[in-house]
Protein chains: 2
Amino acid sequence: MTTSSETYDRELTEILHSRGQRVTPQRVVMNRVLRSAKRHVTAEDVLREVTGKLPNVSLPTVYATLELFEELGLVRRVATESGPALFDSRTDEHQHVVCRRCGRVQDLDTAVDDSRARAAARRAGFRPEHTDVVLVGLCADCAA
Amino acid sequence: MTTSSETYDRELTEILHSRGQRVTPQRVVMNRVLRSAKRHVTAEDVLREVTGKLPNVSLPTVYATLELFEELGLVRRVATESGPALFDSRTDEHQHVVCRRCGRVQDLDTAVDDSRARAAARRAGFRPEHTDVVLVGLCADCAA
DNA sequence: CTGGATGCAAACTCTTTGCATGCAT
DNA sequence: ATGCATGCAAAGAGTTTGCATCCAG
């Protein structure tokens, strides 16, 4: 089930206009790149992908746009124990496995019951919004 | 139930000797600082605390020692979505709440069932070792 | 003594900021 | 026309590396 670029573009345009923000080529291309990315990407990854389609895009713009997209709910920052920031265009509930040796990240799709943790967080005075679940270990290659 | 510095020192000495590594004043003091720290600390935090007890300790030594202690299982790096690396001397299973606005981190003590996630990770070829659970939201102060 | 551990300085990576220009509205 | 968004350069935060010296065993 692949979604077309036009659908991505239309959705982005709608969100941006509803907030009085501009639809620029950089934002359109970055949105397409992110939404069709299979893996978790760094800002550098995004720049590389985008540059193939639109020249002269700068890293500061990539960072600014990633931050914007995060606010818009289009991407989520992945919690990691080190290394450059990773961004994930899947915003639905899922988990990550990270290899502590090579840094590889993969999605998991299982149910994790965080209701007791959320309740404890509220008792501690927090207003929890989402839960990052990261399993740290070794991938098949690094285990060998 | 406070544990004395002597107990910390003895435990550290034992682990280091068993691996043929040296017991230096820097390591002893850092171990005491970390084990008695209530909150989650950055490398800078550790340096500040240590400098009060032992002058001329350098940040590279703090980083090297934190990495060593991580290998020894004395501290764990906390998964976060951004900011400087956080270290936690609690190595038993627990969760964290992080304020996405001010970065405050607090411990939670609840049971989170990650067995299905672990199984899924193994199916994906990983050998999961531990699970980081981080609830992201707003703390009481920042919610206002 | 001897080599692992340290301190210092410098390099490096990742990210943010300042500012002049450009383009979406 | 207006001012938000961009590109470029430079600065900034956090972490790592190189190397001479030191000290724990």
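Atom set for the values below is all heavy atoms of this structure, side chains included, hydrogens, waters and symmetry mates excluded. In what follows, chains carry the letters A, B, and so on, assigned in the order in which the sequence lines appear, proteins first and then strands, with residues in each chain numbered from 1. Everything quoted here is computed from the prediction, not taken from an experiment.
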Using whole Å, report how far CG of B/Leu47 lies from P of D/dA13. 16 Å
Can you see which heavy atom on B/Arg77 is nearest to which on A/Glu81, and at what distance? CD-O, 2.8 Å
Does the pair A/Arg76 and A/Glu70 meet the rule for a salt bridge (Lys or Arg N to Asp or Glu O under 4.0 Å), with working shown? CA-CA 6 Å; A/Arg76 286 245 306 255; A/Glu70 208 182 348; over 6 Å; no
Rounded to the nearest 0.5 Å, what separates atom OG in A/Ser82 from atom CD in B/Glu67? 10.0 Å
Closest non-hydrogen atoms of B/Arg118 and B/Pro128, given as atom of the first, atom of the second and distance, are NH2-O, 3.5 Å
Between A/Thr110 and A/Gln95, is any side-chain donor less than 3.5 angstrom from a side-chain acceptor? yes
If you find the nucleotide of DNA chain D closest to B/Thr42 and the one closest to A/Gly20, which residue's nucleotide is nearer the 5' end? A/Gly20
For the pair A/Glu6 and A/Arg32, evaluate salt bridge (Lys or Arg N to Asp or Glu O under 4.0 Å) and give the outcome as yes or no after the intermediate values. CA-CA 9 Å; A/Glu6 288 73 35; A/Arg32 289 184 194 164; 5.7 Å; no
Under 4.0 Å between a side-chain N/O of B/Tyr63 and OP1 or OP2 of D/dT15, yes or no? yes
If you look at every strand shown and take non-hydrogen atoms under 4.0 Å, does A/Ala85 touch a base, only sugar-phosphate, or nothing? sugar-phosphate
Over all heavy atoms of both residues, which pair between A/Val112 and B/Ala117 is shortest? Give the atoms and the distance, please. CG2-CB, 4.1 Å
5' to 3' contact window, DNA chain C with chain A (heavy-atom distance under 4.0 Å): C/dC14 to C/dT25
For A/Asp88 and A/His94, which I'm curious about, is there any donor-acceptor pair between the side chains at under 3.5 Å? yes
Please determine if B/Asp107 and B/Arg39 form a salt bridge, counting it only when a charged side-chain N lies under 4.0 Å from a carboxylate O. no
Indicate for each nucleotide in nucleotides 20-25 of chain D, in 5' to 3' sequence, whether protein heavy atoms under 4.0 Å reach the base (B), only the sugar-phosphate (S), or nothing (-). ---BBS
If you look at every heavy atom in B/Ala43 and B/Val62, which pair is closest and at what distance? O-CG1, 3.7 Å
Mind checking if B/Glu44 touches a base, just sugar-phosphate, or nothing, with heavy atoms under 4.0 Å? nothing
With a sphere of 6.0 Å drawn around CD of A/Glu129, does it hold more than 12 non-hydrogen atoms of other residues, nucleotides or ligands? yes
Measure the angle between the two terminal helix axes of the helix from C/dC1-D/dG25 to C/dT25-D/dA1, five base pairs each, and quote it to 10°. 40°
